[in-house]
A.B. asks: 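Structure in structure tokens, see below.
In what follows, chains are A, B, ... by sequence order, proteins preceding strands, each numbered from 1.
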2 protein chains.
Amino acid sequence: MRLGERKLRILQAIIEDYVMSGEPVGSRTIAKKYNLGISSATIRNEMADLEEMGYLKQPHTSAGRIPSDKAYRLYVDHLMEVRSLTPEEAKGIKKLYKIKTEQIEEIIAQTAKILSDITNYTSIVFKPELSKVLIKKIKIMPIDEEFALLIVVTNSGIIRDTIVRFPEGVESSYLEKISNMLTERFSDKSFLEIDTLIIPEIRKELAINRQMFNRVVDALTDSLTEREKKEVYLYGTGNILNFPEYRDLDKAKAFLNIMEEPELIYDIIKDLAEGGVTVTIGSENPHPDMKDSSIVTATYHIGDRVIGTIGLIGPTRMEYARVFSIMDYMGKCLSQYLTQILND
Amino acid sequence: MRLGERKLRILQAIIEDYVMSGEPVGSRTIAKKYNLGISSATIRNEMADLEEMGYLKQPHTSAGRIPSDKAYRLYVDHLMEVRSLTPEEAKGIKKLYKIKTEQIEEIIAQTAKILSDITNYTSIVFKPELSKVLIKKIKIMPIDEEFALLIVVTNSGIIRDTIVRFPEGVESSYLEKISNMLTERFSDKSFLEIDTLIIPEIRKELAINRQMFNRVVDALTDSLTEREKKEVYLYGTGNILNFPEYRDLDKAKAFLNIMEEPELIYDIIKDLAEGGVTVTIGSENPHPDMKDSSIVTATYHIGDRVIGTIGLIGPTRMEYARVFSIMDYMGKCLSQYLTQILND
DNA sequence: GTTAGCACTCACCTTCATCGAGTGCTAATC
DNA sequence: GATTAGCACTCGATGAAGGTGAGTGCTAAC
């Protein structure tokens, strides 16, 4: 069976109606509300075909139809009409930012809040990913005889610090030497390059004091990788309770539990396309507890380098077209703010 | 009317039964399950008295009684039997800590998770409050001509950093001078002392370069105060959906919304007693959306200095006695870990 | 190929009766 | 005088019965 133009139009109408109402859509509704120029009986026939092809489901015999994940996928890829925000809408969003601060964290937190407020879904914003960020300066500062503080400054303005312990004691002159050497070698490199290329190289050269050097490198790796996944801003988790699909308490609980492990979401979206907006629909999602939820993500960048991701999570019955354009805009907005702060 | 011994015993039985079952408790249940040696009719009479005195409520005429907030307060203050954890229980909890790291954040996050896992309530752990912490070292490190990094190391091992901007340029020799001076003046002082006593004093002495000094002090104040309230670890927000009192979606939403603003909770508990375990029951709580929830808090410390708070949030129908002893233990446990890490 | 018409399905709502846990009151008992 | 047994009463919860209506699939006519 082929998916002719008429079937597509009907499918589109069903999806849009269902997304709005949350109720299964019947043939009569489509015939009346959408002027497709065909009768409900014809639509019924087409709907039966669409169901056979896997695009529609019936919750029970005497109810209307609801779209399947496959239908949403088709919709997102080919059917939906994404219009970019009007200048007024865009201005409205920009107004929500109350930026006085130059704190990057503050801007990111606000982005999460705004996203969830204007969409009514749950928003998630990952802090800039350090492995994609360029290192500007590394410094090791002695605290006392035994501890030192390792500080990394990056071009995104984010700073990481960790305590390094040298049980065997430490000379500050040596630390300074290491700092200088690391800064020289690492500056303007991304962590990825450092980890895979430069460190092994240095290890070869540097025969003496290997133990101490290893401590520093371990701390550096720690501070740049391990903590990075956790730094997440979540907002609007309570919003999902507005959707009838989460009335089921077990589903709501499963959702909230997942939101407490943002690493999972990170794992799900981390492989997605480098730029632009992506949509992951229900069962496309590897995690079983997320098979009723969709995720829409966008990336943000500093200059040309993608350094982070923003996401919206909601039921599969999501206003994809609207969310798509909002995410696109917010990604750009955030990128612009960040780039601007750094170039100021 | 006086609250005789028998009334107290009955009230205690009602509270304990209701806390377990979540169902209104009838006179017959009490007579049968708790051997008070009196008949249900007597209990009925006493219950009518207790209701008149404001300790019990009836959801509707033909139902049993449930305790009021006033009753819970009485219970917590005088009736409940707090037993400390058995050595086995204590060991069980300690086992849950998978501490390899010496990262304070890691330990705190684990504490939050453990608390919520073993109690099934929502846990909240505030990171060490810096105004109560002693400063050990302050350093200003130039990043480039315009920016410098201000770093504060405290005795709790927590480090704060902020970027300070000197639009008019900066000499690194001068920064070093400021660093040394600040370290000397501030070390072993708490932020509170610094802010109220020492800074004004320095301001007086230091006539030149006032502008630059102000920038540094502002950044210091910022880094130590503004961000501190937000640093919070929450866990188990989904747990509340297990309690019938939050079946009402609006209540659940209100709860989740509050959990997104931990500052509110901080405001509620910040005035509580300096040490030990505290209990805030339902309507004792200033925030209207929390009038159905209780909060139990404990403090943790480094050495003798209280530096932070852990809390559990659940319905007013909470297992106060059990939670009380767990919180007491966890507070001590966390204090011990932290103190140990720093003295290692 | 399209549509009007019709019988059929089935979730949902309302109504109604029943059930039972729990109460308050009264009178008998200790 | 306090306690208790007994009893009538209340009222939410539960479940069955019946009606309603949105929706379907099928058939026959256009």
A.B. asks: Looking only at the side chain of B:T29 (C-beta and beyond, no hydrogens), which of the listed nucleotides D:dG23, D:dT4, C:dG22 gets closest?
C.D. replies: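 My answer, after comparing the listed nucleotides, is C:dG22.
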A.B. asks: Verify the contact: side-chain N or O of A:T42 to OP1 or OP2 of C:dT3, cut-off strictly under 4.0 Å; return yes or no.
C.D. replies: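 So the side-chain polar atoms of A:T42 do come within 4.0 Å of the phosphate oxygens OP1 or OP2 of C:dT3, strictly under.
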A.B. asks: Let's see if you can work this out: which of C:dT3, C:dG5, D:dT4 has an atom nearest to the side-chain heavy atoms of A:R44?
C.D. replies: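 Of the candidates, C:dG5 comes closest.
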A.B. asks: Take atom CD1 of A:I10 and atom C1' of C:dG1, then tell me their distance rounded to the nearest Å.
C.D. replies: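 The distance from CD1 of A:I10 to C1' of C:dG1 comes to 13 Å, rounded to the nearest Å.
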A.B. asks: Does B:S27 put a side-chain nitrogen or oxygen below 4.0 Å from OP1 or OP2 of C:dT23?
C.D. replies: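 Indeed, a polar side-chain atom of B:S27 lies that close.
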A.B. asks: Begin from the C-alpha positions of B:Y246 and B:S293 and carry the test side-chain hydrogen bond (donor to acceptor under 3.5 Å, both in side chains) through to its verdict.
C.D. replies: CA-CA 10 Å; B:Y246 290 101; B:S293 305; 2.4 Å; yes
A.B. asks: Tell me, please, which residues at least two apart from A:T297 pass side-chain hydrogen bond (donor to acceptor under 3.5 Å, both in side chains).
C.D. replies: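 Per chain and number, A:T297 pairs via side-chain hydrogen bond (donor to acceptor under 3.5 Å, both in side chains) with A:T278.
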A.B. asks: If only side-chain N and O atoms of A:R6 are considered, is one of them under 4.0 Å from the OP1 or OP2 phosphate oxygen of C:dT2?
C.D. replies: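 Answer is yes, contact under 4.0 Å.
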A.B. asks: Between the base of C:dG24 and the side chain of B:R65, is there any donor-acceptor pair under 3.5 Å?
C.D. replies: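 Not at all, since no donor on one side and acceptor on the other fall under 3.5 Å apart.
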A.B. asks: Pick the nucleotide of DNA chain D nearest each of B:H60 and B:S40; which residue has the one closer to the 5' end?
C.D. replies: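 Going by which nucleotide is closer to the 5' end, it is B:S40.
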A.B. asks: Take B:Y55 and B:Y75 through the test ring-ring contact (aromatic ring centres under 6.0 Å, His included) and record every step on the way to the result.
C.D. replies: CA-CA 10 Å; B:Y55 290 106; B:Y75 178 76; over 10 Å; no
A.B. asks: In this structure, how many angstroms lie between the P atom of D:dG1 and the CG atom of B:N45, rounded?
C.D. replies: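 So the two atoms are 16 Å apart, to the nearest Å.
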A.B. asks: Which part of the nucleic acid, if any, lies within contact of B:A63, taking any heavy atom under 4.0 Å across all strands shown: a base, the sugar-phosphate backbone alone, or nothing?
C.D. replies: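 Here B:A63 touches the backbone only, sparing every base.
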A.B. asks: Does B:T61 place a side-chain N or O at less than 4.0 Å from the phosphate oxygens OP1/OP2 of D:dC11?
C.D. replies: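 Yes.
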A.B. asks: Indicate whether any N or O donor in one side chain lies under 3.5 Å from an N or O acceptor in the other, for A:S116 and A:Y233.
C.D. replies: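 Checked: A:S116/A:Y233 side chains show no N/O donor-acceptor pair below 3.5 Å.
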A.B. asks: Got more than 12 heavy atoms from elsewhere within 6.0 Å of CZ, B:R73?
C.D. replies: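 Result for CZ/B:R73: enclosed.
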A.B. asks: Does A:S62 have a side-chain nitrogen or oxygen under 4.0 Å from the phosphate oxygens OP1 or OP2 of C:dC10?
C.D. replies: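 Answer is no, no contact under 4.0 Å.
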A.B. asks: For A:R28 and C:dC6, what is the distance between atoms CZ and P respectively, to the nearest whole Å?
C.D. replies: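 That distance rounds to 15 Å.
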A.B. asks: Starting at CG of A:L36 and ending at P of C:dT2, how long is that distance when rounded to a whole Å?
C.D. replies: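 My rounded result for the distance is 13 Å.
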A.B. asks: Please report the distance, rounded to the nearest Å, between NZ in B:K57 and P in C:dT23.
C.D. replies: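 Whole-Å distance recorded here is 16 Å.
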A.B. asks: Using atom CD of A:Q58 as one end and atom P of C:dC10 as the other, report the distance to the nearest whole Å.
C.D. replies: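 Answer to the nearest Å: 10 Å.
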A.B. asks: Would you mind reading off the distance between A:L50 atom CG and D:dT24 atom P, rounded to a whole angstrom?
C.D. replies: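 Roughly 12 Å, once rounded to whole Å.
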A.B. asks: Figure out the CE/P separation between A:M47 and C:dT2, and round it to whole Å.
C.D. replies: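 Checked: the CE to P distance equals 16 Å.
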